[in-house]
There are 2 protein chains.
Amino acid sequence: MNKPDIDAFHTAITARLSCRKVRYTLGRKAVVESLSKSNGPLSAAELADLHTGTIPLSSLYRSLAILEDSEIITRHFGANGVTRYELAEWLLGHHHHLVCTSCGTVEDVSLPSSYESQIHTLVEEVGKLSSFQAKNHILDIEGICLRCT
Amino acid sequence: MNKPDIDAFHTAITARLSCRKVRYTLGRKAVVESLSKSNGPLSAAELADLHTGTIPLSSLYRSLAILEDSEIITRHFGANGVTRYELAEWLLGHHHHLVCTSCGTVEDVSLPSSYESQIHTLVEEVGKLSSFQAKNHILDIEGICLRCT
DNA sequence: TATAATAATGATAATGATTATCATTATTAT
DNA sequence: ATAATAATGATAATCATTATCATTATTATA
C-alpha cells in the first residue's frame, strides 16, 4: 500500500464534515491520524491503546460512530471476529486484507489492477448467474504473515 | 449450490465425533440438520428461532462451540457484523457468500471452477508479492438479492 | 463582545450477544 | 449394576458496544 497524505485527508475530511455540521475535533483527528498511519484496519481496543489517557472509551466509540455515519471510515468485520475500523475507500482506495491467522493482525493490500479487474468481472458474472445485483466485493486472504513465519 | 445429502453428513459427522468422545446428541443433530437445509450460514438467533422451545440458548451456544471445536462447523463473520455458522468446507465444499445489504440474508454460491482457479492463482500471486503465506481466501459479494429488488 | 444555540465530551449506566458455572440428568464403560 | 464420563438447562458473569445526561466547548447571532 502506498503511503497516504495525511494533510490531504484532513482537508477532504474537514470539507465533508463541515457540510454536515459535524465538528472535526481533536479526538476525531487523532482517530483519523492513527488510521491513516496504520497499514491495516484497527479495532476499537487497538485505537484505545494508541491513545490511552487521552481519549476515553465512550468518546472513542462515539467518534467512530459519527465518522462512520459521515462516511469517513468504514467497519470491517474481520475473519477472526474482531470489528476493525479503516478509512473509507474514497480516501484510502479500494483494497483487500491479509489476515494472519497466527497473530491476528490485518494488513492492507492493493491488488495490481489486472487482478482487480479479473475479480470485478468475475463478481459481475456470478451476480448474473445468481440473479443478484452485485455492488461490492470483499476479499480477505488468510494465512501467515512474515513476522509469524 | 447443490443440495447436500443429510444422511451422508450424519454418517461422516458421527465418525468424526466418536473419535473425540463427543456425543452426537439430538440437539447437535438438530443444529446440523438446520445448517444443511439452509442455503446460507445461520446466526445463533436464527437457529434459536428454528428450534424455539426445543433447544435453550445456552445449550445451543454450547453445541455450536463444540461442533466448531470438532471442525464440523465454522463461524463466518459476515459483512454486516453478524456471526453466522455453517458446515465446514470438508462437508459443504468451498463456496462464497452473497450478502444482501438490504435484508441482511446470506446465500451460498459455488463459483464455476474456472473462476475459482482464477481466484486461487491470484491469491497465490498476491501472497508472493507481499511475502505472506496465503492459506485461504474469503470472497463475500455484497449487493441486493432477488427478493429485495 | 455578549449571549443564545448547537454540538462534543466524559463519566456512568444499560444493552445484547456470548461464555462460564454448576447441579441435575443421560449415556457409556467396567 | 454401578462407576465414570459427558450433556443439559437454568442462571449468573463477561465483554464489547451503545445510550444517557449533566457539563463543557464551539459556533452563530444580536
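Nothing here was measured: the structure is a model prediction, and the numbers come from that model. Chain naming here is simple, since letters A, B, ... match the order of the sequence lines and numbering starts at 1 in each.
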Requested in this report: Check whether any side-chain N or O of A/S59 sits under 4.0 Å from OP1 or OP2 of C/dG10, and answer yes or no.
Outcome: yes
Query raised in the report: Any Lys/Arg nitrogen of A/E71 or A/R20 sitting under 4.0 Å from an Asp/Glu carboxylate oxygen of the other?
Result: yes
Query raised in the report: Atom CG of B/N80 and atom C1' of D/dT17: how far apart are they, to the nearest Å?
Result: 16 Å
Query raised in the report: Could you give the OH-to-C1' distance, from A/Y24 to C/dT9, as a whole number of Å?
Result: 18 Å
Query raised in the report: For A/L57 and B/L26, take the nucleotide of DNA chain D holding the closest heavy atom to each; which residue's nucleotide lies nearer the 5' end?
Result: B/L26
Query raised in the report: Is B/A44 touching bases, backbone alone, or none of the nucleic acid, heavy atoms closer than 4.0 Å?
Result: sugar-phosphate
**Report entry** Residue matched to C/dT3 through Watson-Crick or wobble contacts both under 3.5 angstrom
**Finding:** D/dA28
Requested in this report: Just compare D/dT8, D/dT17, C/dA8 and give me whichever is closest to any side-chain atom of A/T83.
Outcome: D/dT17
Query raised in the report: Taking it one step at a time, do B/I13 and B/K29 satisfy side-chain contact (heavy atoms from CB on, under 4.5 Å)?
Result: CA-CA 9 Å; B/I13 292 169; B/K29 273 200 182 98; over 6 Å; no
Query raised in the report: CZ of A/F77 versus P of C/dA17: gap in Å, rounded?
Result: 14 Å
Report task. Give the rounded distance in Å between these two atoms: CG of A/L60 and P of D/dT18. Result -> 11 Å
Report task. Please determine, by modelled atom types, if B/E116 and B/H95 share a side-chain donor-acceptor pair under 3.5 angstrom. Result -> no
Report task. Establish, yes or no, whether a centroid distance under 6.0 Å links the rings of B/H96 and B/H137. Result -> yes
Requested in this report: Go through C/dA20, D/dT18, D/dT8 for me and flag the one nearest to the B/R62 side chain.
Outcome: D/dT8
Report summary line: Assert: residue with more 5' nearest nucleotide on DNA chain C, out of B/Y85 and B/R23, is B/Y85
Requested in this report: Let me know the distance between CG of A/D69 and C1' of C/dA8, rounded to the nearest Å.
Outcome: 15 Å
**Report entry** Rounded interatomic separation in angstrom, taking CD1 from A/I55 and P from C/dT9
**Finding:** 9 Å
Requested in this report: Kindly say if B/R28 contacts the phosphate of D/dT8, meaning a side-chain N or O under 4.0 Å from OP1 or OP2.
Outcome: yes
Query raised in the report: Given that both distances must come in under 3.5 Å, which nucleotide forms a Watson-Crick or G-U wobble pair with D/dA22?
Result: C/dT9
Query raised in the report: Regarding B/E86 and B/H97, is there a side-chain donor-to-acceptor distance under 3.5 Å anywhere?
Result: yes
Report task. Return no unless some side-chain N or O of A/T25 is found under 4.0 Å from OP1 or OP2 of C/dA7. Result -> no
Report task. Rounded to the nearest angstrom, tell me the gap between atom OH in A/Y61 and atom C1' in C/dA11. Result -> 16 Å
Query raised in the report: Side chain of A/R28, backbone of A/R23: donor and acceptor closer than 3.5 Å?
Result: yes
Query raised in the report: Among D/dA7, D/dG9, C/dG10, which is the nearest nucleotide to the side chain of B/V22?
Result: D/dA7
Query raised in the report: Over how many whole Å does the gap from A/R20 atom CZ to C/dT6 atom C1' extend?
Result: 18 Å
Query raised in the report: In terms of side-chain heavy atoms of A/K21, which of D/dG9, C/dA7, C/dT19 is nearest?
Result: C/dA7
Query - Pairing partner of C/dT30 (Watson-Crick or G-U wobble, both distances under 3.5 Å) - result: D/dA1
